[in-house]
Amino acid sequence: MSRAMLKPILIHPDPRLKKLAAPVDDLSDELRALASDMLETMYDAPGIGLAAPQIGVSKRLIVLDCIKEEGATPRPMAMFNPEILASSEETNVYEEGCLSIPEVFAEVTRPKEVEVAWIDSDGNARKEVFDGLWATCVQHEIDHLDGKLFIDYLKPLKRQMITRKMQKLKRELARG
Ligand code: NI
């Protein structure tokens, strides 16, 4: 028996957030424990999604739960090797944020619906169509596995401004 452990979340800019994450080829107990630690870390933050590279693990694993309504049943999901099979022509705009870019929010346009395939924690192949916030969240998290952040969708000037703000924040955090 092991208890879930909160993991420190990397803050942008960090080279580990820019790397292409490796596929998971063997679903070990260690990886299952990692997924459960990531869910705990995400809920604690609080956030609605977290990707393994954000805690310095370069593996294709994401967790999410976009149920935000007070009193609603949570729907924690862990996806190993998630892959977008199809995207809608229709788009949606959400104000996105990221646990690796704290207190920064910006509108990003993405496909409104996506069909995603993944391996769940029991090793089963799964497939589902997501829309609305779930679609945005799953796309945002899969981007992390390819070293892409939501600010990469913004204009260069805005992105640079945000990066400078994060560099300043990291200096302050380092000073304690
Ligand atoms: Ni993020």
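In each ligand, atom 1 is the first atom listed, and ligand 1 is the first ligand listed. Numbers here are sequence positions counted from 1.
Transitive grouping of hydrophobic side chains (ILVMFWY, heavy atoms separated by less than 4.5 Å) keeps Leu133 and Leu64 in distinct clusters.
Inside a sphere of radius 2.8 Å centred on the Ni ion (ligand 1), the protein N/O/S atoms present are Cys98 SG, His140 NE2, His144 NE2.
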CA sep, side-chain torsions, deciding dist, call: Ile119, Met79, side chain to side chain contact (heavy atoms under 4.5 Å, CB included): CA-CA 6 Å; Ile119 307 293; Met79 300 181 175; over 6 Å; no
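Checked by atom type and distance alone, the side chain of Asp122 never pairs as donor or acceptor with a backbone atom of Asn124 at under 3.5 Å. No donor-acceptor pair under 3.5 Å is formed between the side chain of Asp65 and the backbone N or O of Ile48.
Distance check: Ile162 CD1 to Phe105 CZ gives 11.0 Å after rounding to the nearest 0.5 Å.
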Which side-chain N or O atoms in residues 145-158 pair as donor and acceptor under 3.5 Å with protein atoms at least two apart or in another chain?
{"unit_1": "Asp146", "atom_1": "OD1", "unit_2": "Arg60", "atom_2": "NH1", "d": "3.2"}
{"unit_1": "Asp146", "atom_1": "OD1", "unit_2": "Arg60", "atom_2": "NH2", "d": "2.9"}
{"unit_1": "Asp152", "atom_1": "OD2", "unit_2": "Lys18", "atom_2": "NZ", "d": "3.4"}
{"unit_1": "Asp152", "atom_1": "OD2", "unit_2": "Leu149", "atom_2": "N", "d": "2.8"}
{"unit_1": "Tyr153", "atom_1": "OH", "unit_2": "Arg110", "atom_2": "NH1", "d": "3.3"}
{"unit_1": "Tyr153", "atom_1": "OH", "unit_2": "Asp143", "atom_2": "OD2", "d": "2.6"}

